[in-house]
A.B. asks: 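Take a look at the following structure, please.
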Amino acid sequence: MKRHLLAAAGCLLGCWVSAQSGISGELKTEYIPFSSYIRPEDSVKTNSKSNFKRADLNLSIPLSMKKDSSGRVKAWSVLLSGSYAKMTHKDYEKQLFPDQMLNAQAGIQHIRPLGKKWSMMMTASVGIYTDLEQISSDDILGQGGVLFIRHFNPNLALGAGPVLTTAFGVPMILPWIYFDWKTNGKVKLNINFPEGMEAGYLFSDRFALKAVVNLSGMTVERNKDGKSMLLGYQQITAGIRPEVKLNDKLSLSLTGGTALLRSFSENDRKIKSIFKDKKMDDPKFATTFYAAVSLRWNLP
């Protein structure tokens, strides 16, 4: 499975927020400094370098919310999200990668209980995925997913379901896995594949410290020799994330760590391209520092 499929699904999953009576959202900025470009044909670390800066905004706007007799939620929400990335490149003989990438999408989310122990979450979205050089109908891609969650007790939930993406011009289904576990509200483990995982400890009602691993990326459509191609950017980051609850509505988190992997991959929009073996590795960059700042809010 190609890594940019995970990035496409991760873009969808990043919009997943819990049902709220008011608007909830997250504003996140990321920074990766210049690191060396590793040539794919011979895996040589070159003098060419690129950095990466990105801003993400995710919003969930509730349309309706009801609670049953046991307090479980049934809700419909509108999802809006956008990611803008800026890259600066140094000492390349020719332009290999885009200077800018934009992913913007709108969708809908539905959450409902299924009996006493089960619940379901559904999301569907459509958006524009472009390098901003030329925007056309080829830049419009859709995706969606359904997650079935088993609530074993208030501290343990496990879910699975399919994610559907049209990033390759034909429907492609990926697995969606969710696991949430905590002990007495202090220790918590959360896995949300293909987005990532986090393990943390709640020191107080206002402060938590987490170890995190995240998979993310961006997809852009480009015209190459008159042919529509998809360029996928992927990154895997790991680090430590302190989270501070500023008040009942706002929380701030800072992440510092390592960009373990940054790479690009390119394919045409045919399903066979996903599974065919490549003659060489994808172009990538050397491991370097990673930092992120995130502000989350839940309005009443």
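This structure is a prediction, so every number in the text was calculated from the model and none was measured. Side-chain atoms are counted along with the backbone in the values below, which use heavy atoms only and exclude waters and symmetry mates.
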A.B. asks: Take Phe34 and Thr88, measure what side chain to side chain contact (heavy atoms under 4.5 Å, CB included) needs, and give me the verdict at the end.
C.D. replies: CA-CA 8 Å; Phe34 284 100; Thr88 303; 3.8 Å; yes
A.B. asks: To the nearest 0.5 Å, what is the distance between CG (Asn58) and CG (Leu79)?
C.D. replies: 8.5 Å
A.B. asks: Under the side chain to side chain contact (heavy atoms under 4.5 Å, CB included) criterion, do Ile38 and Thr46 qualify, and how do the steps go?
C.D. replies: CA-CA 6 Å; Ile38 299 176; Thr46 68; over 6 Å; no
A.B. asks: Decide if atom CG of Asn47 counts as having more than 12 heavy atoms of other residues, nucleotides or ligands within a radius under 6.0 Å.
C.D. replies: no
A.B. asks: What I'd like to find out is whether the side chain of Gln235 reaches to under 4.5 Å of the side chain of Ile32, using heavy atoms alone.
C.D. replies: yes
A.B. asks: Going through the checks in order, is the side chain to side chain contact (heavy atoms under 4.5 Å, CB included) test met by Arg296 and Asn298?
C.D. replies: CA-CA 7 Å; Arg296 295 183 181 180; Asn298 293 306; 6.0 Å; no
A.B. asks: Check the hydrophobic clustering (I, L, V, M, F, W, Y; side-chain heavy atoms under 4.5 Å; chains of links allowed) and say if Val146 and Phe179 are grouped together.
C.D. replies: yes
A.B. asks: If you round to the nearest 0.5 Å, how far is CE of Met120 from CZ of Arg112?
C.D. replies: 6.0 Å
A.B. asks: Side chains of Glu221 and Thr130: any donor to acceptor distance under 3.5 Å?
C.D. replies: no
A.B. asks: Considering all heavy atoms of both residues, which atom of Leu231 and which atom of Pro98 are nearest to each other, and what is their separation?
C.D. replies: CD2-CD, 3.5 Å
A.B. asks: Regarding Asp282 and Ser263, do their side chains bring together a donor and an acceptor under 3.5 Å, going by distance alone?
C.D. replies: no
A.B. asks: Going only through I, L, V, M, F, W and Y residues with side-chain contacts under 4.5 Å, is there a path from Leu59 to Val293?
C.D. replies: yes
A.B. asks: Are side-chain heavy atoms of Thr288 and Phe52 found at a separation under 4.5 Å?
C.D. replies: no
A.B. asks: More than 12 heavy atoms of other residues, nucleotides or ligands under 6.0 Å from CD1 of Ile128: is that the case?
C.D. replies: no
A.B. asks: Taking the six-membered ring of Phe207, is NZ or CZ of Lys245 closer than 6.0 Å to its centre and within 45° of its axis?
C.D. replies: no
A.B. asks: Take Leu158 and Trp181 through the test side chain to side chain contact (heavy atoms under 4.5 Å, CB included) and record every step on the way to the result.
C.D. replies: CA-CA 9 Å; Leu158 176 64; Trp181 172 76; over 6 Å; no
A.B. asks: For the atom pair OG (Ser83) and CE (Met218), what is the distance rounded to the nearest 0.5 Å?
C.D. replies: 5.0 Å
A.B. asks: Using side-chain heavy atoms (C-beta onward) and a distance below 4.5 Å, is Glu198 in contact with Arg241?
C.D. replies: yes
A.B. asks: Give a yes or no on this: more than 12 heavy atoms of other residues, nucleotides or ligands lie within 6.0 Å of atom NZ of Lys210.
C.D. replies: yes
A.B. asks: Decide if atom NZ of Lys182 counts as having more than 12 heavy atoms of other residues, nucleotides or ligands within a radius under 6.0 Å.
C.D. replies: yes
A.B. asks: Any cation-pi pair here, Arg150 with Phe152, using under 6.0 Å and within 45°?
C.D. replies: yes
A.B. asks: Mind listing the closest non-hydrogen atom pair of Leu215 and Gly196 along with its distance?
C.D. replies: CD1-CA, 4.2 Å
A.B. asks: Holding to ring-ring contact (aromatic ring centres under 6.0 Å, His included), I want the full list of residues that pass it with Phe97, two or more places apart in sequence or in another chain.
C.D. replies: Tyr37, Phe264, Phe285
A.B. asks: Whether the side chain of His89 engages the backbone of Lys94 through a donor-acceptor N/O pair (distance < 3.5 Å, no angle test) should be reported.
C.D. replies: no
A.B. asks: Would you compute the distance between atom CZ of Phe289 and atom OG1 of Thr258 and round it to the nearest 0.5 angstrom?
C.D. replies: 8.5 Å
A.B. asks: Mind listing the closest non-hydrogen atom pair of Gln134 and Asp131 along with its distance?
C.D. replies: N-OD1, 4.1 Å
A.B. asks: Under 3.5 Å, is there a donor-acceptor pair linking the side chains of Ser50 and Tyr92?
C.D. replies: yes
A.B. asks: Test side-chain hydrogen bond (donor to acceptor under 3.5 Å, both in side chains) on Gln234 and Ser265; report intermediate values, then the result.
C.D. replies: CA-CA 8 Å; Gln234 309 90 34; Ser265 59; 3.0 Å; yes
A.B. asks: In this structure, are over 12 heavy atoms from other groups packed under 6.0 Å from Glu93 atom CD?
C.D. replies: no
A.B. asks: Quick check: are there more than 12 heavy atoms from other residues, nucleotides or ligands sitting under 6.0 Å from NZ of Lys45?
C.D. replies: no
A.B. asks: For Asn153, does the CG atom have more than 12 heavy-atom neighbours from other residues, nucleotides or ligands under 6.0 Å away?
C.D. replies: yes
A.B. asks: Under 4.5 Å between any side-chain heavy atoms of Leu189 and Val187, yes or no?
C.D. replies: no
A.B. asks: Which heavy-atom pair separates Leu254 from Pro242 by the least distance, and what is that distance?
C.D. replies: O-CD, 2.8 Å
A.B. asks: Out of curiosity, Ser36 OG to Lys284 NZ, how far, rounded to the nearest 0.5 Å?
C.D. replies: 13.0 Å
A.B. asks: Given side chains that start at C-beta, do those of Leu260 and Val213 come closer than 4.5 Å, heavy atoms only?
C.D. replies: no
A.B. asks: Consider only side-chain N and O atoms of Ser119 and His151, and report whether a donor and an acceptor are under 3.5 Å apart.
C.D. replies: yes
A.B. asks: Please tell me whether Trp176 and Asn192 have a donor and an acceptor in their side chains that are separated by less than 3.5 angstrom.
C.D. replies: yes
A.B. asks: On a heavy-atom basis, which atom in Pro62 and which in Ser77 lie closest, and how many Å separate them?
C.D. replies: CA-OG, 3.8 Å
A.B. asks: Kindly indicate whether the side chain of Ile240, heavy atoms from C-beta on, has any atom under 4.5 Å from the side chain of Leu209.
C.D. replies: yes
A.B. asks: Atom OG of Ser35 and atom CZ of Arg262: how far apart are they, to the nearest 0.5 Å?
C.D. replies: 3.5 Å
A.B. asks: Between Ser294 and Glu26, do the side chains contain an N or O donor and an N or O acceptor separated by less than 3.5 Å?
C.D. replies: yes
A.B. asks: Applying the side chain to side chain contact (heavy atoms under 4.5 Å, CB included) test to Arg54, which of Lys86, Met101, Glu30, Lys28 qualifies?
C.D. replies: Glu30
A.B. asks: For the rings on Tyr290 and Tyr31, is their centre-to-centre separation under 6.0 Å?
C.D. replies: no
A.B. asks: Please determine whether the number of non-hydrogen atoms from other residues, nucleotides or ligands lying under 6.0 Å from atom CD of Glu133 exceeds 12.
C.D. replies: no
A.B. asks: Considering all heavy atoms of both residues, which atom of Leu147 and which atom of Gly159 are nearest to each other, and what is their separation?
C.D. replies: CD1-C, 3.8 Å
A.B. asks: In this structure, would Leu156 and Phe148 fall into the same cluster of hydrophobic residues linked by side-chain contacts under 4.5 Å?
C.D. replies: yes
A.B. asks: Measure the shortest side-chain to side-chain distance between Tyr84 and Asp56 over non-hydrogen atoms and say whether it is less than 4.5 angstrom.
C.D. replies: no
A.B. asks: Indicate if Tyr178 and Val212 have the same hydrophobic cluster label, given that clusters are the connected sets of ILVMFWY residues with side-chain heavy-atom separations under 4.5 angstrom.
C.D. replies: no
A.B. asks: Would you indicate whether the side-chain heavy atoms of Met87 and Asp99 approach each other to under 4.5 Å?
C.D. replies: no
